[in-house]
Amino acid sequence: MKNYDCIVIGAGHAGIEATLATSRMGGSSLMVTLAKDTIGQMSCNPAIGGVGKGQLVKEIDALGGEMGLAADATGIQFRQLNASKGAAVRSSRCQSDRKRYKLYMQKIILNQPNLQILEDQVLRLVVHHGQVTGIQTANHGMIAAKTVVITTGTFLRGRIHVGESIAPGGRVGEPASYPLADHLEELGFSLLSFKTGTPPRLDGRTIDFSVMERQDSDERPVPFSFRTKKLPSELLPCWITRTTEETHEIIRSSLHLSPMYSGRIQSTGVRYCPSIEDKIVKFQDKPTHHVFLEPEGLDTDEFYPNGISTGLPADVQLRMVHSIRGLEKAQMIRPGYSIEHGVVPPTELKPYLETKKIHGLFLAGQINGTTGYEEAAAQGIIAGINAALHIKGQEPFILGRDEAYIGVLIDDLVTKGTEEPYRMFTSRVEHRLIIREDNADRRLAHYALSFGLLDQSNYDRVRSKYETIERELDHLRTTRIGPGTALDSELEKVNSPALRQPTRLSEILKRPEVSYSLVAPYDGQLKDFPPEIIEQVEYEIKYEGYIERQKKMIQRFRHIENIKLPSDLDFSVIPGLSREIQEKLRRFSPLTLGQANRISGITPAAISILMIYLRKRTLQNRT
């Protein structure tokens, strides 16, 4: 019987990143999936990125992951969201060719050294003395492993709803995993049930795009990966239409047939990506809602109508579609559906995604209560890295909230838990001025190099880029220009006061109306910087004061982040802690004082008591 270093259960976005990480870090890895031809399947909309999600993809890429490269290679539209706002909230999004994305990922997986693929169903884990030692499969029996990563997506106890029809399944036409769900409960894990959904798919040949708003790619598309040298040249537009009052009336009159409103689904749905039924019920004052017609690929006429996710009966869905402008004659290729799936409360996890109950067992993706490809892939790469480190007997890898969106995502999950499918947003990130999309490579590439997930040449490119940025920043902060030059007339053109005395170039650039391109010709040096360097230089100068304040705030709180709580700490013997706080600390088992500080209900007074107790304990141990 073969003994693997790591077995990954599942072949979606989390499973792919987890398996690639473990195998690229030198571990023998096995990916177990129900069907090889669904590896890399985009189950919902054919798109990567979005607000808060684009940052995750850039960070996955900086850590040596594959999602950004796949998105760049198979993208058919590239846009920067929040482009008119500051870089702190700017997020990339790309429309993907669904088929080509899947084939790209399958090629990567099939050609990855140290990695094997097995088509089978996992029935249970093999656990000895609190340590996972393998899996039991339906057709191949027991397979031994030092670590296991579960990335089952919506397949764990999945149930598909279309109107009154209910069928077990992880996706349409694919079976769900019930034995593994039952086994996890046997091991002591509680299972929640969350709900997500998808809209019907439409035949683009029957859509009237002439009455819709066209949405093209950006003129200067920005790749997700810092390793991408060229983006595809063949790009497609998306189209925007809106629901009508007739649409809303059809839905209102059919709510009793919706599984969410008939009582057949009791699970919690996605608040930030609600079904069209939810929109009509919860936003009754809105007479219309956007519908985004997104192409599924270059070689298909299929379209994804983003914004009308539904579990209504198929005939009602068709009536609803026909009530929308431009879709009056649209043919439905297949109906949308709602899907319930099992979730392990993420508070069962340590900050590096290993379960608290079983050593060597890691969970990543929707099983942890998240929604979205990007959140899943981000967890996948962290779980894979930590599985590999576990095998090598090395310290786990934990990203802080001040280091990455991924750090915020995982910290939110393991310290606060989630009562609904968790979606990443820029608003969740308190240090977003510092951890931006544009500098993900600077923040994280050194980790990827140390793990062997990034080669030296790519890392040197990152280092060279930021050395250039630092040199230019230093130049702008130390170079002065006096009044009476041609710059004064340029300043007047943008309604900016002329110079009255020699002024540093950085001070001029801080003016809101002044851009780097206006200042650069007058600083005595010829430059030929690429746009990504210019944008970072300009941002660092313009937001210098805010960035410095945020750095000071991080330093102020970092001391409690670094205070570790001993694994044998008995909270019940600490004087001054209420029973409620003792119980919360026992249940969440925080690793550091900083993590304890973010648990809901833990007061500043309790943190002070813990700090004093730890200080006394340290002094006693020394004597």
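The first residue in the sequence is number 1, and the count goes up from there.
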- Residues, nucleotides or ligands: over 12 heavy atoms within 6.0 Å of E419 CD: no

- Query: Does the side chain of F226 come within less than 4.5 Å of L454's, by heavy atoms?
  - Reply: yes

- Check: Q536 side chain, P531 main-chain N or O, donor-acceptor pair, under 3.5 Å: no

- Between D455 and S457, does any side-chain donor sit less than 3.5 Å from a side-chain acceptor? yes

- Note on the structure: dist F362:CZ -> K350:NZ (nearest 0.5 Å) comes out at 8.0 Å

- Task: Start with the C-alpha gap between Q379 and L413, add the side-chain angles, then the distance that decides, and say whether side-chain contact (heavy atoms from CB on, under 4.5 Å) holds.
- Result: CA-CA 11 Å; Q379 294 170 73; L413 291 172; 4.0 Å; yes

- Message: Just to verify, what does R511 make a side chain to side chain contact (heavy atoms under 4.5 Å, CB included) with, not counting sequence neighbours?
- Response: L491, S496, P497, L499, E513, V514

- Flag, side chain of Q77 to backbone of L235, donor-acceptor distance under 3.5 Å: no

- Task: Could you walk me through whether S92 and E437 pass side-chain hydrogen bond (donor to acceptor under 3.5 Å, both in side chains), step by step?
- Result: CA-CA 8 Å; S92 295; E437 255 203 14; 2.8 Å; yes

- Smallest separation among heavy atoms of N368 and P346, with atom names: O-CG, 3.4 Å

- Message: Taking ring pair (Phe, Tyr, Trp, His ring centres under 6.0 Å) as the cut-off, I'd like each qualifying pair that reaches into residues 394-413, sequence neighbours left out, listed once.
- Response: F397-Y447, F397-F451

- Message: So, using ring pair (Phe, Tyr, Trp, His ring centres under 6.0 Å) as the criterion, who are the partners of Y373 when residues are at least two apart?
- Response: H13

- Item | Pairing residues for Y543 by the ring pair (Phe, Tyr, Trp, His ring centres under 6.0 Å) criterion, not counting sequence neighbours | Y539

- Query: Taking the side chain from Q95 and the backbone from C238, do they hold a donor-acceptor pair closer than 3.5 Å?
  - Reply: no

- Give a yes or no on whether the backbone of P396 and the side-chain of N386 come within a donor-acceptor separation of less than 3.5 Å. no

- D72 side chain vs P223 backbone, donor-acceptor pair below 3.5 Å: no

- Query: Backbone N or O of S91 within a donor-acceptor pair of the Q55 side chain at under 3.5 Å?
  - Reply: no

- Got a second to check how far F292's CZ is from E213's CD, nearest 0.5 Å? 8.5 Å

- Message: Are there over 12 heavy-atom neighbours, none belonging to Q555, within less than 6.0 Å of that residue's CD?
- Response: yes

- In short, A71 meets F224 closest at the heavy-atom pair CB-CD1, 3.7 Å

- Message: Suppose we screen for salt bridge (Lys or Arg N to Asp or Glu O under 4.0 Å). Which residues come up paired with R24, at least two apart in sequence or across chains?
- Response: E66

- Flag the pair E544 and K510 as a salt bridge only when some basic side-chain nitrogen lies within less than 4.0 angstrom of an acidic carboxylate oxygen. yes

- Query: Which pairs count as salt bridge (charged side-chain N to carboxylate O under 4.0 Å, His left out) when at least one residue sits in residues 400-415, sequence neighbours excluded?
  - Reply: R401-D411, R401-D412, R401-E430, D402-R558, D411-R598, D412-K416

- Partners passing salt bridge (Lys or Arg N to Asp or Glu O under 4.0 Å) against K552 (at least two apart in sequence or in another chain): none

- Message: Using 0.5 Å steps for rounding, measure from the OG atom of S589 to the CG atom of L349.
- Response: 12.0 Å

- So, for V408 and R428, which heavy atoms are closest and what is the spacing to 0.1 Å? CG1-O, 3.6 Å

- Item | salt bridge (Lys or Arg N to Asp or Glu O under 4.0 Å) against E374, all qualifying residues, sequence neighbours excluded | K53

- Message: Within the 4.5 Å heavy-atom criterion, are R100 and L298 side-chain neighbours or not?
- Response: yes

- Task: Give a yes or no answer on whether the side chain of R79 reaches the backbone of C94 with a donor-acceptor pair at less than 3.5 Å.
- Result: no

- Note, E296 side chain near P46 side chain (heavy atom, < 4.5 Å): yes

- Note on the structure: Taken in chain and number order and not counting sequence neighbours, the residues that satisfy salt bridge (Lys or Arg N to Asp or Glu O under 4.0 Å) with R461 are none

- Note on the structure: F209 meets the ring pair (Phe, Tyr, Trp, His ring centres under 6.0 Å) criterion, sequence neighbours left out, with W239, F303

- Message: Main chain of R436, side chain of N439: is a donor-acceptor contact present, judged purely on distance under 3.5 Å?
- Response: yes

- Message: Walk me through whether I508 and L518 qualify under side-chain contact (heavy atoms from CB on, under 4.5 Å).
- Response: CA-CA 10 Å; I508 302 170; L518 187 147; 5.7 Å; no

- Task: Determine the minimum heavy-atom distance between A73 and P232, stating which atoms define it.
- Result: O-CG, 3.7 Å

- Applying salt bridge (charged side-chain N to carboxylate O under 4.0 Å, His left out), which residue pairs with at least one partner in residues 224-233 are found, sequence neighbours left out? D61-R227

- Note on the structure: Minimal heavy-atom distance between M212 and I240, with the atoms involved, is CB-O, 3.4 Å

- Message: Any carboxylate oxygen within less than 4.0 angstrom of a Lys/Arg side-chain nitrogen, looking at R98 and E294?
- Response: no

- Min side-chain heavy-atom separation Y101-I48 under 4.5 Å: yes

- Looking at side-chain heavy atoms only, is the closest gap between L409 and E375 below 4.5 Å? yes

- 4.5 Å side-chain heavy-atom contact, V89 and R432: yes

- Message: With side-chain contact (heavy atoms from CB on, under 4.5 Å) as the criterion, how do D97 and L236 come out once you've worked through the C-alpha distance, each side chain's angles and the decisive distance to 0.1 Å?
- Response: CA-CA 10 Å; D97 185 305; L236 297 178; over 6 Å; no

- Query: Heavy-atom distance under 4.5 Å between the side chains of Y304 and L293, does that happen here?
  - Reply: no

- Item | Name of the residue among H390, Q394, E395 meeting side chain to side chain contact (heavy atoms under 4.5 Å, CB included) with K392 | Q394

- Task: Say whether, by atom type as modelled, one donor and one acceptor occur between the side chain of K542 and the main chain of L509 under 3.5 angstrom.
- Result: yes

- Please assess R423 against F425 for the test side-chain contact (heavy atoms from CB on, under 4.5 Å), listing each intermediate value before the final yes or no. CA-CA 7 Å; R423 184 204 191 282; F425 283 108; 3.2 Å; yes

- Side-chain (T370) to main-chain (G365) donor-acceptor, under 3.5 angstrom: yes

- Exercise: identify the closest heavy-atom pair between S23 and T19: OG-O, 2.8 Å

- Message: Within the supplied structure, the quantity of interest is the number of heavy atoms (other residues, nucleotides, ligands) at a distance under 6.0 Å from Q456 CD; does it exceed 12?
- Response: yes

- Tell me, which pairs form a salt bridge (charged side-chain N to carboxylate O under 4.0 Å, His left out) where one or both residues lie in residues 215-226, sequence neighbours left out? R214-D216, R220-E535

- Go through D441 and K465 one step at a time and tell me if the salt bridge (charged side-chain N to carboxylate O under 4.0 Å, His left out) criterion holds. CA-CA 10 Å; D441 50 355; K465 170 184 168 183; 3.1 Å; yes

- SB check R463 D460 (cutoff 4.0 Å): yes

- Task: Please examine the side chains of Q595 and T592, heavy atoms only from C-beta on, and report whether any two atoms are closer than 4.5 Å.
- Result: yes

